[in-house]
Protein chains: 2
Amino acid sequence: MYDRPITPDTNVCDPCTAAVQGAATASPMMLERLLEGLPLVRRRLRRRQYVFRAGQPRHGLYLIHSGFYKTRVISEDGREKVTGFRLRGDLLGLEALDLPTYTCDAIALDVGEIWELPQSYLRERLPEFQERLTAALAGEIRRDWNWMLVLGSLNAEQRVVSFLLDLSARLSALGFSSTSMLLRMTRADLGNFLALQLETVVRALHRLQAQGLIEVERRQIRIHDLPRLRAQIALPAMH
Amino acid sequence: MYDRPITPDTNVCDPCTAAVQGAATASPMMLERLLEGLPLVRRRLRRRQYVFRAGQPRHGLYLIHSGFYKTRVISEDGREKVTGFRLRGDLLGLEALDLPTYTCDAIALDVGEIWELPQSYLRERLPEFQERLTAALAGEIRRDWNWMLVLGSLNAEQRVVSFLLDLSARLSALGFSSTSMLLRMTRADLGNFLALQLETVVRALHRLQAQGLIEVERRQIRIHDLPRLRAQIALPAMH
DNA sequence: CGAGGCATTGAAACCCTTCAATGAGTGTGG
DNA sequence: CCACACTCATTGAAGGGTTTCAATGCCTCG
């Protein structure tokens, strides 16, 4: 699915995200191990298919086993906001744990498989599961706050860099290449997530390529200079 | 503390926030009732005092009993982001529930009192408490996503309106006036939260006053036309 | 081989930021 | 009690980064 799978436990944590990632995301495979042998309902998804939609009765939690997903919220007047891109080990449906219906859309950006977690069953049999859940929830909050920080204090180019570094680190933690990746989302989705227009994303990627930091070929991104990419985000030297 | 306290259970939910507020915030007093008679450690705070700082060992969760607080995260290179303004019924420390240390600062913007919750004790004696916790966590995620949506799709004036409507609704739910409120934070804090410069906040408030929607007198805000204020946020009529 | 979705590029317009100066309110100390 | 210091709020003007609008190109799919 991604370029050159490496050893599953390579865990190169980017300084940009390390502080934000909780135990839940630091080792995305742990939940899967925990669930081995359980009667999980598995579901395969095609591109553009919904895992669930806002307003639907909540069935449960979904653990991503493979694929690439986006979650988004839509306001009453139709404004849309991509709240995150999710991959293996991430949980879908966390934000509605206390509600009877989902409050966001979860959409597959690629073929993939998700596992439906029998929540009530798990609460009884696996006391450890509740901790995982709490950790996942708290981790999502920290991640959201970090992105708020990014969007609130960085310019377009730096936001795109933040995104690339974050995705690179996450893919790396999953055993994929950290320097070569295929963006599964459109420029519009990416722009929406980063609070930028799609044209601005295009231009930012273009400038990063012109600086020799990355190589862009439609959705294929190759990172050429990770250290200088990281340096892009640091505040201009203090006086 | 605020203008004209009304009946404690008035719960006027603003459409802007209603969809986002979970059970936990919909009735902020419920947790307090749940905790009646428990051996809580109470702590009084002065203006500018820290409830906790990022990096400190995590003592526990704090329930706000009174006062006005802000939470913020700070990146390694010093960029700051106010992640929310918190008042009675809100929990401080949620985002670090799975960690040994706090990851944000919580600061009192006014005198106030917080109750330290004995987490382990609660988990054993009050099974209902775990549900509250989950609801509070999920609610925070939904709130964060909603603010991301606001910051990503609204202009300066609309963001300020969103903030005013949100605060108005929250104060109202606590039994305070929904049309007259005292902003406890500086323009800089507000700007930081809304991803705007403080001058932009000032000008937005000024324009709203010029339109006769609100009345601004330093930190005292009076809402004159709530319906038109709400209408400011809706997208320009579709064709 | 069109049709459609998506990406790219250019130019103009605009909203917000930045910089700078002034004013108002609060607290401290002589 | 007033003066000074300090914080915070306000206002103006200029500059710039991003958006908006429009057109073109590329790739995929039926």
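In this text, all values refer to a predicted model and were calculated from it rather than measured experimentally. Order of the sequence lines fixes the chain letters, A, B, ..., with proteins taken first and strands second; residue numbering starts at 1 for each chain.
- Under a 4.0 Å N-O distance rule, the pair B:R143/B:D90 does not qualify as a salt bridge.
- Contacts classified as salt bridge (charged side-chain N to carboxylate O under 4.0 Å, His left out) and involving residues 195-214 of chain A (residues at least two apart or in different chains) are given here: A:E157-A:R207.
- At whole-Å resolution of the value, CD in A:Q220 and P in C:dC6 are 19 Å apart.
- Overall bending of the helix from C:dC1-D:dG30 to C:dG30-D:dC1, expressed as the angle between end axes built from five pairs apiece, is 30° (10° steps).
- For A:H206, there are no ring-ring contact (aromatic ring centres under 6.0 Å, His included) partners at least two apart in sequence or on another chain.
- With sequence neighbours excluded, the residues that form a side chain to side chain contact (heavy atoms under 4.5 Å, CB included) with A:Q49 are A:L45, A:R46.
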(request) Would you give a per-nucleotide map of nucleotides 9-24 of chain D, 5' to 3', where B means the base has a protein non-hydrogen atom under 4.0 Å away, S means only the sugar-phosphate does, and - means neither? (result) SBBBB----SBBBB--
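- Take B:R159 and apply the side-chain hydrogen bond (donor to acceptor under 3.5 Å, both in side chains) test, not counting sequence neighbours, and it matches no residue.
- When the ring-ring contact (aromatic ring centres under 6.0 Å, His included) test is applied to A:F193, the partners found at least two apart in sequence or on another chain are A:F85, A:W147.
- In this entry the distance linking CZ of A:R47 with P of D:dT28 reads 11 Å, nearest Å.
- Every residue was checked against the salt bridge (Lys or Arg N to Asp or Glu O under 4.0 Å) condition with A:R43, not counting sequence neighbours, and none meets it.
- Rounded to a whole Å, the CG atom of B:L182 is 14 Å from the C1' atom of C:dG25.
- Sequence neighbours left out, not one pair with a member in residues 49-58 of chain B passes salt bridge (charged side-chain N to carboxylate O under 4.0 Å, His left out).
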